[in-house]
Number of protein chains: 2
Amino acid sequence: MAIGRPRTFNKEEALDQALDVFWRKGYEGASICDLTAAMGINPPSLYAAFGNKEALFRQALDRYSETRAGFVREALAAPKAREGIAALLRGTAQSLADKSSPRGCLLVQGIAGAGDHAQCIRDELSARRAAAQKAIRERLKQAQAEGELAADADPAALARYFSTVTQGMAIQAASGASRKELERIADMALRAWPD
Amino acid sequence: MAIGRPRTFNKEEALDQALDVFWRKGYEGASICDLTAAMGINPPSLYAAFGNKEALFRQALDRYSETRAGFVREALAAPKAREGIAALLRGTAQSLADKSSPRGCLLVQGIAGAGDHAQCIRDELSARRAAAQKAIRERLKQAQAEGELAADADPAALARYFSTVTQGMAIQAASGASRKELERIADMALRAWPD
DNA sequence: TGACTTACGTAGTAGGCGCTACATAAGTGT
DNA sequence: ACACTTATGTAGCGCCTACTACGTAAGTCA
């Protein structure tokens with residue numbers, strides 16, 4: 001049996017570069033030419049390794065979740081839900097203002113954008129935002145069951161509210177808001193906590 | 001002097017149709033073909049009447065501000081700033097959920113998106129969002145001068161916070177949030193009011 | 001060494017994009 | 001009636017997009 005010529009680039013590093021381009025330009029704004037230039041490869045190598053543009057974007061989304069959105073899971077794992085939400089909001093501010101990454105959130109960019117062929121991409125982004133919101137809701141339900149959160153509180157509404165704030169913060173960050181400004185927003189958002 | 005052949009379409013109605021397309025698809029997602037089909041005209045008529053795609057979009061933005069975002073000015077004109085902010089948030093919820101219009105906010109769509117040639121469009125949208133935020137800030141400063149708002153409150157931070165919530169609500173609306181859900185978010189956001 | 005398998009670089013493909021040249025139609029002035 | 005001005009419809013421009021056919025390079029096996 002023959003093994004074949006090994007690829008001359010690192011797939012993970014190339015994916016990281018692709019993620020950076022998608023992050024800065026959005027799905028439709030990132031052209032294959034932009035991507036291949038950043039990844040240091042030619043189009044046929046991209047298609048052989050990742051399938052097509054849409055498949056590459058989904059893999060970039062997965063990598064984004066693993067490497068950049070890990071603080072969400074960590075935050076929600078805090079012993080107290082209120083501390084968890086506070087950590088989530090402050091972590092969002094910090095992440096959005098991180099100078100080593102593009103401003104803004106990959107899941108919030110490109111809400112409308114683009115023709116009908118990108119509908120499934122919008123649906124994918126919407127589903128991932130909904131999943132994050134659900135994670136918050138479940139944590140709040142747990143807090144309610146444990147007695148930390150009042151019985152007459154509404155976990156779904158609270159989760160939607162905090163999710164709304166983080167998404168709005170992503171837009172503020174993309175418009176140039178500083179880390180301190182974003183943290184200030186996070187602090188004010190916490191005042192809606194029912195205590 | 002000769003007057004020339006009169007145009008056979010209504011310019012304002014055509015602009016309204018263009019606004020609807022931009023609203024649903026975003027600047028880059030709306031192709032000239034989409035626009036001319038919705039407006040009921042051919043490309044040369046579009047370019048003769050509106051200039052080019054970018055100029056058409058700016059005119060659609062102006063019309064959007066006049067016809068759809070008027071409630072913002074009305075809300076902020078309320079005698080009490082707190083009532084004004086409440087009206088602003090509730091009006092946003094109502095406007096975003098209006099079934100006769102596309103979901104979401106024209107100013108929030110297409111944050112990232114697209115190649116370098118649309119940079120000026122993003123800047124324009126960012127500037128208009130900043131203008132809305134400034135209007136809130138000025139209203140809060142006025143309230144502070146009148147004694148309604150505490151002297152140690154931060155009008156700029158509060159304005160940024162409320163602006164953040166409305167922008168986040170636009171994303172929630174684009175993802176399918178109902179009017180009641182949006183109004184619930186608006187109510188919770190008001191809990192950050194310093195009293 | 002030579003067959004086999006896989007990756008690579010070059011150079012393209014068809015299709016959609018924003019935009020327009022050109023001939024014609026539809027008005028008003030003298 | 002004729003010149004003049006402006007709008008319209010057809011048809012197509014050059015450019016960029018995502019994607020790929022093809023010949024070659026680079027490795028592992030018997």
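Protein chains get the first letters and strands the later ones, always in sequence-line order, with residue 1 at the start of each. Values in this document were obtained by computation on a predicted structure and should not be read as measured data.
- Partners of S95(A) by side chain to side chain contact (heavy atoms under 4.5 Å, CB included), not counting sequence neighbours, listed by chain and number: F71(A).
- In this structure, L46(B) places its CG atom 13 Å from P of dA7(D), rounding to the nearest Å.
- Heavy-atom distances under 4.0 Å link DNA chain C to no residue of residues 53-62 of chain A.
- Residues forming a salt bridge (charged side-chain N to carboxylate O under 4.0 Å, His left out) with R129(B) (at least two apart in sequence, or on another chain): none.
- Rounded to whole Å, atom C1' of dA7(D) lies 14 Å from atom CD1 of I3(B).
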(message) Checking N10(A) against L15(A) for the side-chain contact (heavy atoms from CB on, under 4.5 Å) test, could you report, in this order, the C-alpha distance in whole Å, the side-chain angles of both residues, the deciding distance, and whether it holds?
(response) CA-CA 9 Å; N10(A) 182 307; L15(A) 183 55; over 6 Å; no
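- Rounded to an integer number of Å, the gap from K25(A) NZ to dA18(D) P is 11 Å.
- No hydrogens or angles considered: nothing links the side chains of D98(A) and Q94(A) as a donor-acceptor pair under 3.5 Å.
- Rounded to an integer number of Å, the gap from CZ of F50(B) to P of dT20(C) is 16 Å.
- Checking S31(B) against D34(B) by side-chain atom types alone, a donor-acceptor pair falls below 3.5 Å.
- Side-chain polar atoms of Q133(B) and Q172(A) form a donor-acceptor pair below 3.5 angstrom.
- Heavy-atom distances to DNA chain C give each of S31(B) and P6(B) a nearest nucleotide, and the one nearer the 5′ end belongs to S31(B).
- For the OP1/OP2 pair of dG9(D) and a distance below 4.0 Å, the side-chain nitrogens and oxygens of N42(B) include at least one atom meeting the criterion.
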Report all interatomic pairs (protein N or O, nucleotide N or O of nucleotides 22-25 of chain D) with separations under 3.5 Å.
{"unit_1": "dA25(D)", "atom_1": "N3", "unit_2": "R5(A)", "atom_2": "NH1", "d": "3.0"}

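- Phosphate proximity of dC19(D) to Y47(A): present, with a side-chain N or O under 4.0 Å from OP1 or OP2.
- Rounded to whole Å, atom P of dC17(C) lies 14 Å from atom OH of Y27(B).
- A straight line from CZ of R7(B) to P of dA25(C) spans 21 Å, rounded to a whole angstrom.
- Judged by closest nucleotide on DNA chain C, N52(B) is the one of G4(B) and N52(B) placed further toward the 5' end.
- Between the CG atom of L35(B) and the P atom of dC19(C) there is a distance of 11 Å, rounded to whole Å.
- Between dT20(D), dG18(C), dT8(D), one nucleotide has an atom nearer to the side chain of T8(B) than all others, and that is dT8(D).
- Listed pair S45(A) / dC8(C) meets the phosphate criterion, a side-chain N or O lying under 4.0 Å from OP1 or OP2.
- In R179(B), the CZ atom is not crowded: 12 or fewer heavy atoms of neighbouring residues, nucleotides or ligands sit closer than 6.0 Å.
- Applying the salt bridge (charged side-chain N to carboxylate O under 4.0 Å, His left out) rule to pairs touching residues 162-174 of chain A yields nothing, sequence neighbours excluded.
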With a 3.5 Å cut-off and sequence neighbours excluded, list the donor-acceptor pairs that the side chains of residues 145-160 of chain A form with protein atoms.
{"unit_1": "E146(A)", "atom_1": "OE2", "unit_2": "Q142(A)", "atom_2": "NE2", "d": "3.0"}
{"unit_1": "E148(A)", "atom_1": "OE1", "unit_2": "A81(A)", "atom_2": "N", "d": "2.9"}
{"unit_1": "E148(A)", "atom_1": "OE2", "unit_2": "A81(A)", "atom_2": "N", "d": "3.1"}
{"unit_1": "E148(A)", "atom_1": "OE2", "unit_2": "R82(A)", "atom_2": "N", "d": "3.0"}
{"unit_1": "D154(A)", "atom_1": "OD1", "unit_2": "A156(A)", "atom_2": "N", "d": "3.2"}
{"unit_1": "D154(A)", "atom_1": "OD1", "unit_2": "A157(A)", "atom_2": "N", "d": "3.2"}
{"unit_1": "D154(A)", "atom_1": "OD2", "unit_2": "R184(B)", "atom_2": "NH1", "d": "2.9"}
{"unit_1": "R160(A)", "atom_1": "NH1", "unit_2": "E181(B)", "atom_2": "OE2", "d": "3.3"}

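- At whole-Å resolution of the value, CD1 in I41(A) and C1' in dT6(C) are 15 Å apart.
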